Amino acid sequence: MRVISTLGAGCALMLFSATLLAEDARLVVSVQPANNALKSNVEGYIGNLGERDAEALQRLRRVVEGQAEKAAQALGYYQARVTTEVLEQTPPRLNVRVVPGEPVRLGNVTVRIDGPAAQMPAFQLPKSAQLTQGARLNHGRYEAAKRHIQNQASRYGFFHGRFTQQSLRINPQAGLADIELVYDSGPRYILGPVRFEGDMPFDDELLQRMVPFPADTPYDSERIAELYEALRASGYFESVRVDASPTVAEQQVIPVKVHLQTRLPRTMGLGLGFSTDVGPRGRAQWERHWANPQGHSYGAEMELSAPRQNVGLWYDIPGNPPMTDKLRIAGGYQYEELANTDSLSRLLTVGPEWHSKLDSGWQRVISLKWQREEYRLGDDSGLSTLLMPGISYSYLHSDSRIDPNNGYRLQFDASVAKEGLLSDSDVLHGNVLVKGLTTLWQNHRFLARAQFGGTESKGFNSSVPPSLRFFAGGDQSVRGYDYQSLSPENNDGDKIGGRYMVAASAEYQYSILDKWRVATFYDTGNAFNSLDIPSLKSAVGIGLRWVSPVGPLRLDLAHPLDEEGGVRLHFSMGPEL
């Protein structure tokens with residue numbers, strides 16, 4: 001037993017000693033006067049000292065001093081004095097003291113582009129205060145300037161470019177350095193015809209309409225990226241590979257080859273959801289992504305919930321460019337109970353829509369919709385037939401589709417009907433929606449929303465159907481009030497919708513964890529028939545947000561300020577813009 005105990009104690013002592021030896025030596029760098037950039041550079045040059053004892057650190061001192069001097073010179077301190085000291089402790093420590101002295105300053109600085117690139121406004125010289133006369137020499141800035149010029153040349157197709165002069169002349173005693181960078185760009189390459197290959201049952205004419213640049217365009221790597229993104233955005237292809245290598249160019253013309261793999265022609269999707277506005281809901285969608293070599297597509301979608309059921313059919317003909325422009329022939333049928341069954345609508349619509357994206361970034365839709373709506377407003381019923389030309393504009397600026405931190409959305413739409421032109425009444429209908437989001441100091445998010453709507457008609461009370469009337473209240477309108485509960489009423493107290501609607505919201509969110517936020521908000525709005533100082537309903541509340549893979553899930557508790565009652569629960573999901 002005694003022998004075993006002795007061996008055990010010996011093993012424990014050896015393990016303890018090994019642990020001490022395995023501990024890395026400490027490096028302590030001090031700069032006088034304080035200079036954080038220089039301190040970090042010295043630490044980076046020296047790196048980890050590893051598992052060294054005091055004796056090994058003594059042997060390493062000269063190497064460390066040389067590394068510290070190079071680190072100082074890289075930032076322009078050629079007169080730096082470096083001293084080192086080893087402290088025998090556990091773990092051992094190597095102190096490095098640096099007195100930088102006066103830095104080397106830039107004297108003559110010449111940075112110039114020769115050749116065709118000099119005539120290009122887009123080909124920009126390096127812009128840095130560190131490369132002007134009198135600035136402190138910084139080797140990293142000098143190398144970065146060279147890389148900037150080379151990267152510009154590579155992007156814009158000057159593949160024969162070279163530096164005819166590249167020199168950094170340093171006089172440490174005088175404290176001056178001269179820089180000369182002269183780059184001869186040589187000729188600019190151009191992009192040749194785009195040729196497609198692979199699995200692609202489409203007409204070449206359709207594919208060429210997806211090319212975002214004309215033939216013989218001067219080379220720009222951004223054009224290649226745009227071509228790739230355009231083909232991916234078309235929705236036709238599973239994979240896209242674009243080859244535009246200057247090594248196979250002939251007479252400065254680069255052939256562009258695109259290898260395509262077509263996606264499966266059909267997809268079907270099913271989904272379930274829930275919101276406090278409509279309760280449980282189901283959604284189904286079927287789509288044929290391409291039906292012929294011209295790229296036509298068609299599909300159907302259906303949505304079911306307690307207050308609303310609809311089915312829609314559509315047929316798309318690609319425009320120019322096919323990724324953003326199309327002619328859609330659409331039709332659908334919707335059954336909806338509004339304002340808790342006070343109003344009822346059976347709506348049939350059909351007509352063409354011209355979708356296009358403008359150069360300004362706005363999305364535009366021009367439509368010609370024929371609608372037939374059978375409806376009930378309280379105890380009154382009716383049948384409306386309208387042919388309504390319409391136009392809508394929308395713009396989204398956002399730093400993320402799923403969970404943006406900053407951005408805004410603008411949306412405007414208007415439609416009109418004329419009695420006698422396949423319409424039984426004169427109607428003018430419009431909507432405006434504005435949303436904004438900004439994040440300050442990472443954790444503080446501010447959201448705002450404003451919505452306005454109006455319908456003008458001489459026979460509003462008798463001839464305007466529910467689909468063109470306004471109701472407020474609910475998850476996406478004025479929280480604290482039931483869905484579509486804010487509305488003008490008839491003599492029996494039935495909610496029949498209004499001519500106008502206003503809704504606005506201000507919300508503050510604070511991030512408590514990576515995917516969790518708490519919120520507080522104020523909502524106001526109403527639907528009404530007169531613009532003479534309308535009576536707005538308001539509510540305040542608190543909420544919780546969880547950022548899911550499909551967007552934030554929102555759980556809110558809202559208290560109405562203009563009605564008796566307690567707190568209403570709201571649940572919804574989706575992007576906030």
Side-chain angles (χ1 to χ4, degrees), residues 202 206 209-210 230 233-236 266-267 269 283-292 294-303 308-336 345-373 384-396 401 409-418 421-433 451 453-455 464-470 574 577:
F202 301 108
L206 172 67
R209 294 209 312 267
M210 300 184 196
S234 70
Y236 294 133
R266 304 174 187 85
T267 58
R283 182 180 179 87
Q285 183 174 10
W286 179 89
E287 184 172 355
R288 173 77 189 234
H289 301 287
W290 47 271
N292 54 34
Q294 291 76 42
H296 295 193
S297 60
Y298 54 87
E301 56 187 0
M302 179 175 62
E303 183 177 350
R308 181 171 61 242
Q309 303 92 50
N310 64 63
V311 60
L313 305 172
W314 50 265
Y315 189 97
D316 284 352
I317 301 172
N320 188 17
M323 303 79 64
T324 58
D325 293 17
K326 64 186 176 185
L327 169 63
R328 166 169 286 193
I329 311 298
Y333 174 80
Q334 176 174 286
Y335 174 89
E336 184 174 13
S345 168
R346 296 182 178 91
L347 175 63
L348 176 67
T349 60
V350 65
E353 303 171 353
W354 289 268
H355 295 248
S356 57
K357 184 175 182 179
L358 307 181
D359 293 339
S360 59
W362 285 83
Q363 299 280 352
R364 182 184 65 190
V365 179
I366 301 174
S367 61
L368 181 63
K369 180 173 67 175
W370 178 84
Q371 68 174 54
R372 183 182 187 276
E373 186 168 1
S384 169
T385 301
L386 299 170
L387 178 66
M388 303 191 71
I391 188 167
S392 71
Y393 288 90
S394 62
Y395 186 89
L396 174 62
R401 289 188 175 184
R409 177 185 289 276
L410 307 173
Q411 188 169 324
F412 312 91
D413 62 76
S415 56
V416 63
K418 176 63 179 174
L421 297 178
L422 299 181
S423 302
D424 49 27
S425 61
D426 294 333
V427 178
L428 175 62
H429 180 80
N431 271 299
V432 177
L433 174 65
Q451 186 174 1
T455 299
V464 174
S467 64
L468 299 179
R469 296 175 179 237
F470 293 97
L577 287 179

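The shown structure was predicted, so the numbers you read here are calculated from the model rather than taken from an experiment. Both backbone and side-chain heavy atoms feed into the values below; hydrogens, waters and symmetry mates do not.
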[atom1]-[atom2] distance between [X] and [Y], expressed to the nearest 0.5 angstrom:
| X | Y | atom1 | atom2 | answer |
| --- | --- | --- | --- | --- |
| Leu368 | Trp354 | CG | CH2 | 6.0 Å |
| Asn310 | Tyr335 | CG | OH | 13.5 Å |
| Trp314 | Glu287 | CH2 | CD | 3.5 Å |
| Leu348 | Gln334 | CG | CD | 11.5 Å |
| Leu433 | Phe412 | CG | CZ | 9.0 Å |
| Leu422 | Arg372 | CG | CZ | 14.0 Å |

Polar side-chain atom of [X] near backbone of [Y] as donor-acceptor pair, under 3.5 Å:
| X | Y | value |
| --- | --- | --- |
| Arg209 | Gly319 | yes |
| Ser394 | Gln411 | no |
| Asp424 | Thr385 | yes |
| Arg364 | Ile391 | no |

Which atom pair, heavy atoms only, marks the closest approach of [X] to [Y]?
| X | Y | answer |
| --- | --- | --- |
| Gln371 | Ser467 | NE2-OG, 3.6 Å |
| Lys418 | Ser423 | O-CB, 3.3 Å |
| Ser425 | Leu386 | OG-CD2, 3.7 Å |
| Asp413 | Ser392 | CB-CB, 3.5 Å |
| Gly235 | His289 | O-CB, 4.2 Å |
| Ser360 | Tyr395 | O-CE1, 3.6 Å |

Taking side chain as C-beta onward, heavy atoms only, is [X] less than 4.5 Å from [Y]?
| X | Y | answer |
| --- | --- | --- |
| Lys369 | Ser415 | no |
| Gln294 | Leu206 | no |
| Arg283 | Glu301 | yes |
| Leu468 | Met388 | yes |
| Tyr333 | Gln309 | no |

* Asked: Looking at Tyr298, Tyr236, Phe202, which hits ring-ring contact (aromatic ring centres under 6.0 Å, His included) with Trp290?
  -> Phe202
* **Sequence neighbours excluded - side chain to side chain donor-acceptor pair (under 3.5 Å) pairs with any residue from residues 316-326** => Asp316-Lys326, Asp316-Arg328
* Asked: Does a side chain donor of either His429 or Thr455 reach within less than 3.5 Å of an acceptor in the other side chain?
  -> yes
* **Under the salt bridge (Lys or Arg N to Asp or Glu O under 4.0 Å) test, residues paired with Glu353 that sit two or more places apart** => none
